[in-house]
Amino acid sequence: MITFSALRQLTKFTPTISRNYTSATLQLLQLSITNQSLTQTLQSHARVCYLGLTQHSVIVTKLISAYSLCKNPLAARLVFDSVRVKNVFIWNTLINGYAKNGLCSESFELFREMCRNGDDPDNFTISTMAKVCGDVEDGLLGDLVHGVCVKNGFGVDIVVGNAFIFMYCKCGRFRDAFEVFDEMPERNVSSWNVMIGGVSGLGGDGVSEVVWEFVRCMVVEGFGFDGFTISSLLPFCGRSNGKCDFGRELHSYIVKNDGGFFVESDFYLGCCLIDMYGKSKRVNVGRNVFNCMRDRNIFAWTAMISGYVQNGDFDEAMFLFGEMQSKGRIEPNKVSLISIIPACSSLGGLLGGKQVHGFAVRKELNHEVSLCNALIDMYSKCGSLNYARKVFDFHCISKDAISWSSMISGYGLHGKGSDAVLLYNKMLQSGIKPDFITVVGVLSACGRSEMVEEGLDIYKHINEYGLEPTLEICACIVDMLGRSGQLDKALDFIKTMPLEPGPSIWGSLVNASVLHGNSDMLDLAYKFLIQVEPANPSNYVSLSNLYASSRNWDAVAEVRAKMKERGLKKLPGCSWISVNNETHSFYVADKAHHCSDLIYQMLQELIPVMMGASNSTILEDLALSYLEQA
DNA sequence: TTAGGGTTAG
């Protein structure tokens with residue numbers, strides 16, 4: 001353990017004899033920097049003092065750098081203060097050391113001190129300060145630093161230019177970032193990477209197109225990709241559409257260019273690839289990447305676990321979660337826990353989720369807002385609204401928009417529309433701005449509880465929070481009006497809504513028409529649904545069934561012919577359940593299961609019970625008697 | 001001797 005009184009003594013130490021061991025000391029310091037080892041840094045520091053090198057500019061610079069990299073900025077400052085004559089290297093190293101340790105205001109204060117002291121900043125100082133302004137998203141300070149940069153003619157430096165592009169992007173001033181990029185006399189791969197990263201951060205529709213356009217221009221200008229480029233691009237590689245598979249192509253690019261950055265030894269690229277394959281429903285390819293990694297950190301394990309969860313393979317996710325701790329000797333962090341919660345609750349129900357919650361309490365992670373949000377969601381979905389509310393009220397100390405949205409959606413799921421609206425209003429009173437997910441949550445809650453007036457009133461005011469209607473929000477309104485039986489009003493809303501109605505809109509009208517037995521409206525809604533979603537066989541089958549129920553066989557034949565003509569085939573629906581680590585799957589009218597007779601016999605008895613009785617103990621008794629027979 | 005981009009979740 002480092003003590004500051006000991007460090008102070010070291011910095012004051014002046015030996016009587018100075019020996020020419022500078023080179024060996026520099027090597028030792030370089031080793032401390034490479035290993036980021038505090039022990040080695042302290043040993044080097046002791047040697048520096050013993051040899052009387054405490055005023056040696058190069059050695060002191062390295063020492064400040066070493067302490068900063070060992071996350072010890074206070075020790076770095078002590079060394080800095082002990083230097084009588086400070087040059088620009090020494091100033092820059094501590095300014096950068098503060099920045100690396102997240103001490104942005106200290107970094108800026110030191111920059112001011114440097115200027116007051118009459119020491120001129122150079123291109124290294126400016127690039128660090130631009131980065132600091134970006135980190136704290138302070139565009140005004142950024143402008144000030146940019147002014148100093150232009151005045152001193154540092155604008156031609158590529159690293160400085162890249163740092164200002166980063167700063168302007170982080171401050172949301174993409175136009176200014178592009179202006180810096182456009183006017184750079186010379187660019188490197190990083191300049192393109194920073195621009196691509198900046199565009200990615202913009203969010204919203206069309207970002208992907210802009211990113212790929214930047215990539216095209218980058219290639220036209222003769223630049224290749226490095227690891228940073230690829231890791232920025234992988235999140236934009238969705239599932240292959242049959243024509244191009246950018247994710248696979250980038251993976252090949254990595255393998256071909258293995259001299260520069262090989263996935264086996266690069267955590268970042270490995271994690272990005274696993275994530276990309278998981279999100280594009282190719283979790284097994286992701287697993288191959290994971291298996292090829294020479295070493296795996298918590299990010300790699302979590303990315304792999306998350307891939308399995310996203311693809312519904314909860315058993316494998318749970319297995320890997322155990323392996324991470326036993327084989328990998330890695331303790332789960334909050335992201336690992338958040339990732340595994342859906343698997344736990346799916347396999348173990350409320351008990352599985354509670355086990356994760358208990359682990360989080362033991363590790364003192366239970367007040368982390370993101371973990372609380374996942375727990376609120378899990379408890380709501382597992383049927384325990386009371387536990388969800390307890391987490392929301394007592395564990396979730398600093399609530400964000402997702403915390404409120406999760407709780408509001410939970411009330412909606414349980415048909416408690418008035419509680420959802422009450423909480424939505426409380427959220428607004430707390431000054432938290434709703435996002436479109438909050439609005440979807442509260443509107444669907446209104447729909448389930450037939451609170452049409454309240455829902456329409458909420459919809460009317462969303463623009464006050466900078467929100468525009470989305471297709472999801474509009475679908476909630478159609479669903480809400482439709483469920484309450486106001487089918488004509490729902491159709492009028494569709495006709496006047498500000499967006500082109502898509503499958504979710506017509507699907508909502510279909511459901512409402514079925515609910516209220518309005519076959520004319522159902523016919524119309526299905527026709528529009530098929531028009532906007534012509535490749536979904538389910539729509540044709542449902543419409544055909546509708547005609548069949550009214551014995552309109554000509555119409556049935558017409559729909560079936562259209563399906564055949566378009567080459568559409570409906571895959572049979574499948575459901576499954578895991579009992580004692582064995583998964584049992586069932587298709588429609590499936591009789592392949594060895595307990596099939598018992599299952600159908602029970603179903604015959606369950607149907608009238610479900611339709612007539614609300615007493616759950618009757619159902620439980622019935623189920624238990626059949627389990628004993630099976 | 002000092003400077004720059006990328007990783008998992010809700």
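Order of the sequence lines sets the chain letters (A, B, ...), proteins ahead of strands, with each chain counted from 1.
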Q: Using a cut-off of strictly less than 4.0 Å, decide whether A:Lys62 has a side-chain nitrogen or oxygen near OP1 or OP2 of B:dT2.
A: yes
Q.
Check the phosphate of B:dT8 against A:Gln310, side-chain N and O only, distance under 4.0 Å to OP1 or OP2. Yes or no?
A. no
Q. Under the 5.5 Å and 30° test, is A:Phe299 stacked on the base of B:dT8?
A. no
**Q.** Contact summary for A:Ser200 and A:Val211, nearest pair of heavy atoms
**A.** OG-CG2, 4.1 Å
(Q) Going by centres under 5.5 angstrom and planes under 30 degrees, do the aromatic ring of A:Phe228 and the base ring of B:dG6 stack? (A) no
Q.
In this structure, how many angstroms lie between the C1' atom of B:dG4 and the CG atom of A:Asn96, rounded?
A. 10 Å
Q | Any donor-acceptor N/O pair under 3.5 Å between B:dG6 base and A:Ser232 side chain | A | no
Q) Between B:dG5, B:dT7, B:dG4, which one does the side chain of A:Phe267 approach most closely? A) B:dT7
(Q) Within the 4.5 Å heavy-atom criterion, are A:Glu109 and A:Leu103 side-chain neighbours or not? (A) no
Q: Answer with yes or no whether A:Asn188 presents, from its side chain, a donor or acceptor under 3.5 Å of a partner atom in the base of B:dG4.
A: yes
Q: Could you tell me whether A:Ser57 contacts a base, only the sugar-phosphate backbone, or nothing, with contacts defined as non-hydrogen atoms closer than 4.0 Å?
A: base
Q | Anti/syn call for B:dG6, syn if |chi| within 90° | A | anti
**Q.** Side-chain (A:Asp182) to main-chain (A:Phe178) donor-acceptor, under 3.5 angstrom
**A.** no
Q: Please tell me which of the listed nucleotides, B:dG6, B:dT1, B:dT8, lies nearest to the side chain of A:Thr302?
A: B:dT8
Q: Of all the heavy-atom pairs spanning A:Lys281 and A:Gln310, show the shortest one and how long it is.
A: NZ-O, 4.0 Å
Q. OP1, OP2 of B:dA9 versus side-chain N and O of A:Ser306: anything below 4.0 Å?
A. yes
Q: Give the rounded distance in Å between these two atoms: CG of A:Asp275 and P of B:dG10.
A: 10 Å
Q.
Counting the atoms with a prime plus P, OP1 and OP2 as sugar-phosphate, which does A:Lys170 contact under 4.0 Å by heavy atoms, base, sugar-phosphate, or nothing?
A. nothing
**Q.** Short side-chain to backbone donor-acceptor contact, A:Asn297 and A:Phe299, under 3.5 Å
**A.** yes
Q: Check every strand shown and say whether A:Asp377 touches a base, only sugar-phosphate, or nothing at a heavy-atom separation below 4.0 Å.
A: nothing
Q. A:Asn162 side chain: which of B:dT2, B:dG6, B:dG4 is closest?
A. B:dG4
Q. Has A:Lys334 got a side-chain N or O lying under 4.0 Å from the OP1 or OP2 atom of B:dT8?
A. no
Q: Begin with the C-alpha distance, continue with both residues' side-chain angles, and end with the deciding distance and a verdict on side chain to side chain donor-acceptor pair (under 3.5 Å) for A:Asn333 and A:Ser336.
A: CA-CA 5 Å; A:Asn333 64 6; A:Ser336 326; 2.7 Å; yes
Q. Is there a donor and acceptor pair closer than 3.5 Å between the side chain of A:Ser127 and the base of B:dG4?
A. no
(Q) Please pick, from B:dA9, B:dT7, B:dA3, the nucleotide with the shortest atom-to-atom distance to any side-chain atom of A:Thr128. (A) B:dA3
Q) Nearest to the side chain of A:Ser231, which nucleotide is it out of B:dA9, B:dG6, B:dT2? A) B:dG6
Q: Let me know the distance between CG of A:Leu110 and C1' of B:dT2, rounded to the nearest Å.
A: 13 Å
Q. Nearest to the side chain of A:Thr61, which nucleotide is it out of B:dG5, B:dA9, B:dT1?
A. B:dT1
Q: Nearest whole angstrom, please: distance from the P of B:dT8 to the CG of A:Leu269.
A: 12 Å
(Q) How many whole angstroms separate atom CZ of A:Phe290 from atom P of B:dT7? (A) 19 Å
Q | Rounded distance in Å - NZ (A:Lys131) to C1' (B:dT2) | A | 15 Å
**Q.** Under-4.0 Å side-chain N/O to phosphate OP1/OP2 contact, A:Lys279 with B:dA9
**A.** yes
**Q.** Length of the CG-P vector between A:Asn333 and B:dA9, whole Å
**A.** 11 Å
Q) Is A:Ser32 reaching over with its side chain to a backbone N or O of A:Ser37, donor-acceptor style, under 3.5 angstrom? A) no
**Q.** Donor-acceptor pair under 3.5 Å, A:Thr93 side chain vs B:dT2 base
**A.** no
Q. Please give, in whole Å, the distance from B:dT2 P to A:Gln30 CD?
A. 7 Å
